[in-house]
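All remarks here apply to the structure that follows.
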Number of protein chains: 2
Amino acid sequence: MNIGDVAARAGLPAKTIRYYEDIGLIRPLRSDNGYRAFRESDLHKLAFIGRARGLGFSIEECRRLLALYDDRQRASSDVKALAQTHLTQIAAKITELRAMEATLQTLVSACAGDDRPDCPILTGLAEAKDCCG
Amino acid sequence: MNIGDVAARAGLPAKTIRYYEDIGLIRPLRSDNGYRAFRESDLHKLAFIGRARGLGFSIEECRRLLALYDDRQRASSDVKALAQTHLTQIAAKITELRAMEATLQTLVSACAGDDRPDCPILTGLAEAKDCCG
DNA sequence: CCTAGTCCTTCCCGTAACAGGAAGGTCAAC
DNA sequence: GTTGACCTTCCTGTTACGGGAAGGACTAGG
């Protein structure tokens with residue numbers, strides 16, 4: 001398989017796949033013409049990475065997940081710990097975003113949004129309030 | 001005021017303040033010794049930017065917000081539109097994160113997390129399911 | 001006056017995870 | 001044999017700074 005084929009099948013841009021090879025996530029073979037020659041196992045790994053990335057795992061976390069996946073002796077507790085940590089970070093991010101959303105929604109709701117210059121959003125940003133830490 | 005003073009008062013690292021000058025967000029004066037000489041108005045702007053960043057506005061959005069703040073002729077609708085757009089993006093990000101959270105939570109809950117190798121998290125990532133698009 | 005310590009300056013590299021694009025080799029088809 | 005679609009490497013740019021080096025400036029103490 002050439003890179004275009006795996007890109008289509010894994011749902012990843014060719015650029016991304018080359019990048020993953022650069023950083024050592026995958027190690028495709030090479031054809032005589034210099035083209036990357038992907039095996040089914042490479043495609044499988046790329047799909048795995050793509051799904052992990054889709055769940056918000058960083059590249060380094062993906063690397064660890066792949067290592068655990070390859071390790072038949074792993075303990076599921078190791079995988080679970082990794083996932084749980086990530087889950088906690090996601091929850092924290094959601095909390096942070098919701099706080100932003102609430103504050104901003106308050107400011108936006110207070111703004112007339114007409115052609116006059118008075119704007120509670122701007123004054124809210126200009127004045128130190130309890131709003132933003 | 002030297003940079004250390006504004007940094008303390010605005011709650012921003014000196015590095016960040018220099019960066020903001022680099023990209024033209026602020027234009028402090030210079031003392032004879034070459035030190036940046038900040039006015040109260042510079043401090044005010046920095047605090048404004050700090051709060052806007054705290055609400056998740058990008059640097060370019062902060063630049064526009066500052067321009068609107070400086071423009072006494074602005075229409076509050078312009079400010080509101082900017083904020084509303086950002087609010088929509090925040091909401092979209094929250095939705096995305098919640099989807100990740102739900103999927104990942106399902107996988108984590110299904111994982112025994114013991115010393116055995118069987119792991120639904122890994123198999124979930126390895127198999128194409130409806131889970132991750 | 002000298003020195004130590006704390007401030008300030010500029011400059012350059014590194015981050016995460018790629019995207020865009022240039023310059024050029026390869027291959028399949030007409 | 002010449003398009004056109006593919007592939008290659010390499011280099012730059014992105015966001016919003018942080019770390020740290022090399023060196024000048026200022027303050028307090030002896």
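Values reported hereafter were calculated over all heavy atoms of this structure, with side chains retained and with hydrogens, waters and symmetry mates removed. Chain A is the first sequence line, chain B the second, and so forth, proteins listed ahead of strands; every chain is numbered from 1.
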Earliest and latest nucleotide of DNA chain C, 5' to 3', sitting under 4.0 Å from a non-hydrogen atom of chain B? C:dC7 to C:dC11
About how many Å separate CG of B:Asn33 and CG of B:Asn2, when rounded to the nearest 0.5 Å? 7.0 Å
Can you measure A:Asp5 atom CG to D:dC6 atom P for me and round it to whole angstrom units? 10 Å
Separation of A:Asp70 CG from A:Lys45 NZ (nearest 0.5 Å): 4.5 Å
Within the structure, does a side-chain N or O atom of A:Asn33 lie under 4.0 Å from either OP1 or OP2 of D:dT8? no
Can you tell me how far CG of B:Leu25 sits from CG of B:Leu46, rounded to the nearest 0.5 angstrom? 8.5 Å
Would A:Arg9 and A:Glu40 pass as an ion pair if we require N to O under 4.0 Å? yes
Judged by modelled atom types alone, do A:Asp114 and B:Ser76 share a side-chain donor-acceptor pair under 3.5 Å? yes
Starting from P on D:dC7, measure out to CD on A:Glu21 and report it in whole angstrom. 14 Å
Atom CZ of B:Arg18 and atom C1' of D:dG18: how far apart are they, to the nearest Å? 12 Å
D:dC11 C1' sits how many Å from A:Asp22 CG, rounded? 13 Å
Side-chain N or O of A:Arg36 less than 4.0 angstrom from OP1 or OP2 on D:dT9? yes
Would you mind telling me which residue lines up with the more 5' stretch of DNA chain D, B:Phe57 or A:Ala14, judged by nearest nucleotide? A:Ala14
Specify the separation, in whole Å, of atom CD1 of B:Ile23 and atom P of D:dG13. 17 Å
Could you verify whether a donor N or O on one side chain and an acceptor N or O on the other, from A:Gln105 and A:Ser109, lie under 3.5 Å apart? yes
Test item: B:Asp71 and B:Asp78 side chains (from C-beta on) under 4.5 Å apart, heavy atoms: no
Using whole Å, what does the distance between atom C1' of nucleotide D:dC17 and atom CD1 of B:Ile17 come to? 13 Å
First encountered from the 5' end of DNA chain C, between A:Asp32 and B:Ala37: B:Ala37
On DNA chain D, nearest-nucleotide positions of B:Tyr19 versus B:Lys15: which is more 5'? B:Tyr19
Counting side-chain heavy atoms from CB outward, which of D:dG18, D:dC17, D:dC7 is closest to B:Ile59? D:dC17
Between D:dC6 (C1') and A:Met1 (CE): distance, integer Å: 16 Å
